[in-house]
Structures are given as structure tokens and as C-alpha cells.
Amino acid sequence: MLQLSLIREQTAEVIDRLKLKNFDGAQIINDIVRLDDSRRETQKALDDVQSQSNSLAKEIGVFFKQGRIQEADELKERTAALKLKAKDYDEKLESVKKELDDLLVRVPNLPHPGIPSGKSAEDNEIVHLEDDLIPASGEYLPHWELASKYDIIDFATGTKITGSGFPLYKGKGARLQRALINFFIDEALAAGYTEVQPPYMVNAASAFGTGQLPDKDGQMYYAQVDDLYLIPTAEVPVTNMYRDSILKVQDLPFKNVAYSACFRREAGSYGKDVRGLNRLHQFDKVEIVQVTHPEKSYQTLEEMREYVAGLLRKLKLPFRIVKLCGGDMSFTSALTYDMEVWSAGQKRWLEVSSVSNFESFQSNRLKLRYKDEAGKIRLAHTLNGSALALPRIVAALLELNQVPEGIRVPEVLRPYCGFTTIN
RNA sequence: GGAGAGGUGGGUGAGUGGCUGAAACCAACAGUUUGCUAAACUGUCGUACGGGAAACUGUACCGGGGGUUCGAAUCCCCCCCUCUCCGCCA
């Protein structure tokens with residue numbers, strides 16, 4: 001959620017910058033300013049009335065104490081009118097605030113000026129390419145064929161137990177999952193992150209705080225009886241650790257890493273590109289989350305990007321980094337890098353990580369602040385990135401490392417797996 | 001799930017209708033003292049939204065929501081949460 005002060009003070013610039021996200025904000029932004037004017041006016045009127053009531057009440061109290069009952073009763077009569085007025089203003093204030101919030105919540109984050117303009121993934125900018133590991137030739141089976149050939153992922157049984165998009169990992173497949181999770185967490189610990197194990201279900205306030213609600217309501221699994229949501233990413237619980245808090249500036253940055261299962265309904269994305277591990281309803285992911293000083297967030301974003309690139313190098317996977325264009329970026333993000341690995345079996349790039357700076361968009365919703373050197377309270381910046389999401393990494397690993405004897409496990413994972421070949 | 005007890009500022013914790021945005025203590029911060037540290041002393045020390053150049057000032061907030069009252073942290077109702085005991089249980 002954008003800060004009202006920014007919208008008020010730089011109305012034209014805000015509208016202009018939103019265009020980069022293909023968001024026509026002229027109407028809504030102007031409505032917001034108008035509603036906020038009305039909100040202030042009403043608030044002031046209400047404050048005045050309440051101030052009068054307060055002083056009357058005080059006077060009445062004094063009269064009572066002095067036994068001047070009649071004078072007290074006279075004053076009491078005057079409070080009735082004030083009460084009515086206060087009620088009026090209060091109701092108006094509530095409705096204006098609600099209207100204002102409803103609009104405010106619909107405005108996406110301002111995109112960073114450095115992002116490419118564009119409408120879709122076609123317009124993303126490739127900012128880094130490490131493709132020397134892409135095999136020049138040869139037959140490479142897609143991972144779903146390898147999965148059944150070596151009996152390591154059983155899609156059919158997962159479908160029987162639950163439904164499509166809920167695979168069952170078996171034997172060395174399961175072990176490889178666990179190895180990757182541990183590898184990713186250990187790497188993050190070495191990079192200074194603190195490990196946390198968050199809840200997998202969150203309440204509505206948390207889902208709102210990171211921007212899943214109301215924007216992506218239909219994308220989360222929802223347990224109605226308990227009014228809880230299954231997390232689509234550990235970003236939600238981990239970032240919400242800091243909701244409603246005022247941090248000490250010297251404690252920044254906060255760096256956390258969390259493994260979690262992630263649950264996504266993926267409503268409306270059937271058909272293309274959903275085969276095998278490409279798109280699932282449940283998957284494993286290790287997520288890194290940082291809360292930083294506003295002046296440090298872009299430097300942090302680059303560090304996180306480089307950190308994730310390092311993981312891909314260690315896994316010896318060909319990859320590229322794309323900077324998302326305005327139209328492809330999420331509602332909440334100011335700047336996002338996607339990391340994509342090469343799928344040798346499918347002959348295409350697969351997104352395995354998304355590293356984003358949300359600036360103060362989430363922290364404004366979260367009321368995540370810090371007290372600066374001068375004692376002023378300011379919004380912190382939040383960032384997160386997948387480091388990494390497992391399924392497509394597994395897909396790329398299986399496909400790229402297939403040899404006649406089986407699938408060779410990358411060097412770095414061998415201590416975690418306890419085997420060198422899947423066969 | 002049943003019974004009981006509670007939820008007050010960063011922490012402990014007073015406060016049962018007006019003098020309480022809230023005692024006291026601790027922590028924190030600034031300063032004095034000091035060869036350094038410690039101790040002692042002095043001061044500062046909630047958040048949000050407004051007004052004001054500023055000093056300062058208005059309003060709201062004592063788990064959340066509603067109500068009673070001229071006036072609510074304090075009384076009433078609903079909800080949430082925590083603790084203790086019982087039940088159930090990985």
C-alpha cells in the first residue's frame with residue numbers, strides 16, 4: 001500500500017510512474033486525494049465536538065463534587081446535542097475511511113524507474129546469461145519421463161491421494177528433495193541468515209500484510225471453518241514476524257531463511273506448461289527474507305540476486321536472470337529479478353526464483369517501522385527471494401544430468417544425498 | 001472440548017467511574033561525576049491522525065468490537081488470546 005503522504009505530495013508523479021506498470025491511476029489517485037481531504041475535514045470536525053464534550057464532562061464533574069447538582073444537570077442537557085453531532089461525524093468518518101482504504105488497497109506499488117516498460121514476459125530484459133553449460137546436442141528426456149523411469153516421483157499416486165499437482169516423491173526422489181532443502185538452508189546460514197520454521201497457515205491480517213489479500217484471494221487455499229489460509233510462500237509468515245513493530249535502526253537488517261511447503265491453487269492455469277513438476281499445487285521452497293533500512297534495500301536486492309545466482313552455479317545449472325518489465329511484475333513489487341534455469345528436456349527456461357524489493361509497500365500495510373538515528377519513526381523496506389524453489393530445480397537437474405547409467409547427482413548435493421547416481 | 005483465572009506502555013506491575021495517557025520499579029537513551037569500568041545522581045523515555053515555523057497543542061487508543069454514563073482502563077455484552085486444572089492426543 002502506498003503511503004498517503006506520497007500520494008498527496010506527489011500526485012502527478014505517482015500517476016505518471018504507475019503508467020510503467022500499465023496502471024491507469026489518474027481517476028483512482030485523484031479520488032484518493034479527494035477522499036483524504038474529506039477524511040481530514042471530518043476528523044477535525046469530530047475532534048472539535050469531542051473536545052467540547054470532554055470539557056463539558058469535566059465541568060459537570062466539578063459541579064457534582066461541589067454539590068451543585070442543578071448546575072450540573074443544566075450542563076448535561078447541552079451534551080445531548082453534541083452527542084448527536086459526534087455520532088454523525090463518526091459515521092461519516094467511518095464510511096469515508098472505508099471508501100478510502102478500498103481505493104488505496106487497489107493501487108499497485110510504484111515500479112522502480114529502471115525497469116523496462118512492457119506488457120508481458122516477452123518484454124522482460126535479460127540482464128545476465130550463463131549458458132555455457134547448455135548441452136549443444138544430444139537426447140534429453142523430459143523430467144517426467146525420467147521420474148517414472150527411475151521411479152522417483154509418482155504423479156499418479158499423488159493424484160489418487162489428493163489430486164493433480166500434488167506429486168508423491170519416492171525413494172531417491174524424496175531423498176533428493178530433502179538434500180536440496182538442507183543444502184539451501186545451510187548455504188543461507190553461511191550467508192548470515194537466521195533459520196526460522198514458520199506456521200504454514202496464516203490469518204487474514206498476515207495475508208493482507210504481504211499483499212496476498214485482497215489482491216490474490218482466489219490463489220490461496222482457504223480453511224473456512226477456522227478462517228485461515230494455507231501459505232503460498234514462506235514470505236507471508238516470515239515477513240509478518242515483523243508486523244506491527246518498531247525496530248531499532250541498529251538491529252537492521254533482519255535476515256531470515258525458511259523452508260516451507262507452499263500451496264497454490266493456480267486457478268485458471270491449466271493446459272499449457274503444467275506438465276510434470278512445472279506447475280504444482282504443493283511444492284517445497286526455501287525462502288530468504290530481509291527487512292532493511294530504506295537506503296540499503298537496492299544494494300540488498302543486488303546481493304540477494306547474486307546469492308541466488310551463486311546457488312545455481314554450485315548446482316552447475318545453466319541460468320539467466322531477467323529483470324521483469326512493468327507489466328509482468330507483481331502488484332506489490334518495485335523491482336523483481338527472475339532467475340531461470342535451462343530445462344534440457346523441454347528446451348526452455350524455467351523460473352526457479354523471484355527476487356523482489358517491495359520498498360515500503362508491504363511495510364506500510366504491515367506497520368513495520370524502525371526508529372531512525374534522530375528518533376523518527378519510518379517504514380522499513382522488505383525484500384524476499386526464493387533460494388530456491390525445488391520442483392523446477394529438480395526438473396532441470398534430472399534432465400541435465402541424465403547419462404546412460406542413470407542420473408548423476410551434482411557434486412555439492414552428494415554429501416546431503418548419500419548417493420551419487422539415481423538409477 | 002469442559003471448568004477457573006487473566007489480558008494495562010520495551011519488561012514487571014499499580015490502578016474498580018472524573019484529579020489517569022496512565023503510579024512505581026526495571027530496561028533503554030542523553031548528561032553529571034570518574035584515570036577507565038562500575039556505582040551514584042539528573043533528565044528524557046508510547047502510538048496514530050490533525051493544527052502550528054516552532055515552543056506547543058486537539059483527538060483517539062489500557063487484547064478486538066459493541067453498550068451503559070454528562071464522563072469508562074475501571075461497569076455490562078460478544079469475540080480473540082494467554083495461563084492453570086481436567087479430558088483428548090502427535
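Letters A, B, ... are given to chains in the order of the sequence lines, protein chains preceding strands, and every chain is numbered from 1.
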Going 5' to 3' through nucleotides 44-69 of chain B and flagging B where a protein heavy-atom sits under 4.0 Å of the base, S where only the sugar-phosphate is that close, and - otherwise, we get ---SSSSS------BSS---------
Taking the six-membered ring for Trp, are A/Tyr229 and A/Tyr221 ring centroids under 6.0 Å apart?
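No: the rings miss the under 6.0 Å criterion.
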For this output row, return yes or no: ring centroids of A/Phe263 and A/Phe283 closer than 6.0 angstrom.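 That pair fails the under 6.0 Å test.
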Closest nucleotide of RNA chain B for A/Lys248 versus for A/Val62: which of these residues is on the 5' side?
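In this pair, the answer is A/Val62.
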Whole-Å distance between [N] [atom2] and [X] [atom1]?
{"X": "A/Leu82", "N": "B/G71", "atom1": "CG", "atom2": "P", "value": "10 Å"}
{"X": "A/Leu247", "N": "B/A28", "atom1": "CG", "atom2": "C1'", "value": "16 Å"}
{"X": "A/Leu75", "N": "B/G71", "atom1": "CG", "atom2": "P", "value": "13 Å"}
{"X": "A/Lys58", "N": "B/G18", "atom1": "NZ", "atom2": "C1'", "value": "9 Å"}
{"X": "A/Leu56", "N": "B/G18", "atom1": "CG", "atom2": "C1'", "value": "14 Å"}
{"X": "A/Asp73", "N": "B/G71", "atom1": "CG", "atom2": "C1'", "value": "14 Å"}

Can you tell me how far [atom1] in [N] sits from the matching atom in [M], rounded to whole Å?
{"N": "B/C70", "M": "B/C78", "atom1": "P", "result": "24 Å"}
{"N": "B/C61", "M": "B/A72", "atom1": "C1'", "result": "13 Å"}
{"N": "B/C75", "M": "B/G9", "atom1": "C1'", "result": "24 Å"}
{"N": "B/G67", "M": "B/C29", "atom1": "C1'", "result": "43 Å"}
{"N": "B/G65", "M": "B/C80", "atom1": "P", "result": "15 Å"}
{"N": "B/G43", "M": "B/U47", "atom1": "C1'", "result": "23 Å"}
{"N": "B/A23", "M": "B/C45", "atom1": "C1'", "result": "16 Å"}
{"N": "B/C76", "M": "B/U69", "atom1": "C1'", "result": "12 Å"}

With a 3.5 angstrom cut-off on both distances, give the Watson-Crick or G-U wobble partner of [N], or none if there isn't one.
{"N": "B/A90", "value": "none"}
{"N": "B/C36", "value": "none"}
{"N": "B/C41", "value": "B/G31"}
{"N": "B/C61", "value": "B/G46"}
{"N": "B/G21", "value": "none"}
{"N": "B/A53", "value": "none"}
{"N": "B/C75", "value": "B/G67"}
{"N": "B/A14", "value": "none"}

For this session: Would you check if there is a donor-acceptor pair between the side chains of A/Gln290 and A/Tyr193 at a distance under 3.5 Å?
Result: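 Yes, side-chain donor-acceptor contact under 3.5 Å.
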Worksheet item: Is it true that a side-chain atom of A/Thr210 and a backbone atom of A/Val236 form a donor plus acceptor pair closer than 3.5 Å?
Response: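 Checked: no pair found.
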Could you check A/Ser330, A/Ser354, A/Ser356 and say which one makes a side chain to side chain donor-acceptor pair (under 3.5 Å) with A/Thr336?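 Only one of A/Ser330, A/Ser354, A/Ser356 forms a side chain to side chain donor-acceptor pair (under 3.5 Å) with A/Thr336, namely A/Ser356.
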Is A/Lys119 salt-bridged to A/Asp328, cutoff N-O under 4.0 Å?
->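 No, this pair does not count.
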Compute both the distance and the angle, then confirm whether A/Lys248 meets the cation-pi test with A/Tyr370: under 6.0 Å from the six-membered ring centre, within 45 degrees of the axis.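 Pair A/Lys248/A/Tyr370 does not count as cation-pi.
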_Do A/Arg365 and A/Phe208 form a cation-pi contact, if we require the NZ or CZ to be under 6.0 Å from the six-membered ring centre and within 45 degrees of the ring's axis?_
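Yes, a cation-pi geometry.
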